[in-house]
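Worksheet: the structure to be examined is printed underneath.
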Amino acid sequence: MEPLKPLIDTLGAPLPVYVLVGAESLLVREAEERARKAVIAGGIAAFNDATLTAGEEAALSFADIARQSPMMAPRRLVVIRQMQEANAALLDALLAYVQAPSPTTTLLLVGEKMPAATGGVDRGTRIANAVKKTGLVLKLDGEGVDAVAFAVGRARDLGCRMESGAAQMMVGLVGDDLSLLASEVEKCAGYAGSGGVIDLKVVELMCAATAETEVWALTNALVARDRSKTLAALHRLLEDGEAPHKLLSNVTWQIRQLLTVQDMMARGLPERDAGLKMHPMALKSMREMLSRHRIDAVALLEQIAAANQRMNSSRVGDRRIFEGLVLQLTHQI
């Protein structure tokens with residue numbers, strides 16, 4: 001489902017308060033922009049649009065601004081960004097306001113998340129629960145978003161047609177981070193031109209080459225159980241500043257592609273029957289690799305899932321967990 005659909009559905013008649021928070025910064029930015037355009041449509045933005053930052057003292061003036069009547073417009077807009085930085089005083093003021101919001105103002109609370117509980121009081125959750133009665137709370141973490149469909153849709157919005165295989169290759173190369181995908185799609189669309197087609201060749205040409213080559217080198221070394229090459233590729237990627245979460249996503253995507261090819265080979269299926277859409281050279285490389293080394297799919301995916309869970313919850317450090325996973329996989333794949 002379109003992650004912003006709940007927001008879009010309310011913008012014909014904007015609600016008094018929206019909480020737009022999440023780790024997927026692209027979706028948060030786009031949600032704020034959609035709401036902004038809808039609220040100030042038909043009015044003079046300069047007179048009716050106030051943006052504040054939660055961590056600054058001026059944010060405490062939000063209620064006074066929100067209670068003002070809009071000037072030559074149907075509604076006033078007040079935005080408070082960086083909600084994760086809000087202090088107790090601001091949160092208390094927000095809680096009082098959202099329980100009786102101005103009928104002629106829309107308040108947007110925007111950020112990565114609502115603040116954690118302090119002093120045994122979870123003010124952020126109280127605000128969100130109060131907002132649900134008269135407004136909308138939208139958590140935008142990218143969960144449930146199909147990265148391939150997102151890329152195809154993004155290209156369509158830019159006036160291009162993106163082939164499904166090209167979208168799959170792009171996700172395999174750059175991962176499922178939506179901000180990064182949007183940037184890569186825009187780059188490819190600029191090359192293809194309005195009305196153009198983004199195919200495998202365009203993705204190969206325009207998407208960053210250095211990191212993707214190193215990630216394949218890492219995956220290849222893992223499958224070959226070559227510990228020295230694995231560690232060399234891993235350290236090159238980490239020293240180049242690649243985020244462990246992104247690397248895990250990329251390696252997982254590539255290994256899933258390998259597992260699909262392995263299953264196809266075992267069943268004697270041709271490429272078209274297996275639903276594979278990838279560059280012929282990539283498929284040939286995978287076939288050659290798998291003819292020498294077979295992958296234990298169940299054990300492998302269990303290890304990756306466990307590592308991902310630890311990276312999302314542990315304080316040990318993403319890098320250390322990812323390095324440990326790679327070392328485990330050199331013995332397990």
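Residue numbers run from 1 in the order of the sequence given.
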- Item | Point-to-point distance, once rounded to the nearest 0.5 Å, from CG of Leu94 to CG of Leu90 | 4.5 Å
- Reported CG-to-CZ distance for the pair Leu91 and Arg126, which is rounded to 0.5 angstrom: 11.0 Å
- Roughly how far, to the nearest 0.5 Å, is the CG atom of Leu158 from the NZ atom of Lys187? 14.0 Å
- Query: With the 4.5 Å side-chain cut-off for hydrophobic clustering, are Leu200 and Tyr191 part of the same group?
  - Reply: yes
- Ile127-Leu107 co-clustered via ILVMFWY side chain contacts under 4.5 Å: yes
- Item | Heavy-atom closest contact (Leu7 atom, Ala35 atom, distance) | CD1-CB, 4.4 Å
- Search all heavy atoms of Ala38 against all heavy atoms of Pro14 and return the closest pair with its distance. O-CG, 4.3 Å
- Answer yes when Arg29 and Glu33 have at least one side-chain N-carboxylate O distance shorter than 4.0 Å, and no when they do not. no
- Message: Would you say CD of Glu32 has more than 12 non-hydrogen atoms from neighbouring residues, nucleotides or ligands within 6.0 angstrom?
- Response: yes
- Note on the structure: Of all heavy-atom pairs linking Leu138 and Leu4, the shortest is CD2-CD2, 4.4 Å
- Query: Out of curiosity, Arg36 CZ to Thr106 OG1, how far, rounded to the nearest 0.5 Å?
  - Reply: 11.5 Å
- side-chain contact (heavy atoms from CB on, under 4.5 Å) between Thr105 and Arg67: does it pass, once the steps are laid out? CA-CA 7 Å; Thr105 293; Arg67 299 290 183 192; over 6 Å; no
- Task: Using a 4.5 Å cut-off on heavy atoms from C-beta on, say whether the side chain of Glu56 contacts that of Glu85.
- Result: no
- Kindly work out whether a path of hydrophobic side-chain contacts (I/L/V/M/F/W/Y, heavy atoms less than 4.5 Å apart) joins Leu15 to Leu140. yes
- Would Val137 end up clustered with Tyr97 when hydrophobic side chains under 4.5 Å apart are linked, directly or stepwise? yes
- Heavy-atom pair with the smallest gap, counting every atom of Arg76 and Phe47: NH1-O, 3.2 Å
- Message: According to a hydrophobic-cluster definition based on side-chain heavy atoms being under 4.5 Å apart (Ile, Leu, Val, Met, Phe, Trp, Tyr only), do Ile8 and Leu108 belong together?
- Response: yes
- Test side-chain contact (heavy atoms from CB on, under 4.5 Å) on Leu327 and Arg227 and set out the steps. CA-CA 8 Å; Leu327 289 174; Arg227 190 167 187 172; 3.6 Å; yes
- Item | Inter-residue atom distance Leu95.CG - Thr125.OG1, 0.5 Å rounding | 11.0 Å
- Message: Could you check whether any side-chain heavy atom of Val110 comes within less than 4.5 Å of a side-chain heavy atom of Met83, counting everything from C-beta outward?
- Response: no
- Message: Can you confirm whether Pro101 sits close enough to Thr134 that some side-chain heavy atom of one is under 4.5 Å from a side-chain heavy atom of the other?
- Response: yes
- Task: Drop me the distance from Leu109's CG to Arg81's CZ, to the nearest 0.5 angstrom.
- Result: 13.0 Å
- Are any non-hydrogen side-chain atoms of Pro70 and Arg75 less than 4.5 angstrom apart? no
- Message: For Lys133 and Val98: C-alpha separation, side-chain torsions, deciding distance, then whether side-chain contact (heavy atoms from CB on, under 4.5 Å) applies.
- Response: CA-CA 9 Å; Lys133 297 177 182 179; Val98 300; over 6 Å; no
- Message: Quick check: do Val203 and Met162 have side-chain heavy atoms less than 4.5 Å from each other?
- Response: yes
- Expected output: side-chain Ser102 to main-chain Thr104 donor-acceptor under 3.5 Å: yes
- Message: So for atom CD, which belongs to Glu57, do other residues, nucleotides or ligands contribute more than 12 heavy atoms lying within a distance under 6.0 Å?
- Response: no
- Message: For Thr10, give me all partners under side-chain hydrogen bond (donor to acceptor under 3.5 Å, both in side chains), at least two apart in sequence or on another chain.
- Response: Tyr18
- Query: Do Met72 and Asn48 touch side chain to side chain, with heavy atoms closer than 4.5 Å?
  - Reply: no
- Query: Between Glu24 and Asp141, what is the shortest heavy-atom contact and its length?
  - Reply: CB-C, 3.9 Å
- Item | Considering all heavy atoms, the nearest Gln84-Gly111 contact | OE1-CA, 3.5 Å
Taking only distance into account, with no hydrogens and no angle test, what donor-acceptor pairs under 3.5 Å do side-chain atoms of residues 147-156 form with protein atoms, sequence neighbours excluded?
| from | atom 1 | to | atom 2 | distance (Å) |
| --- | --- | --- | --- | --- |
| Arg154 | NH1 | Glu30 | OE1 | 3.3 |
| Arg154 | NH1 | Glu30 | OE2 | 2.7 |
| Arg154 | NH2 | Glu30 | OE2 | 2.5 |

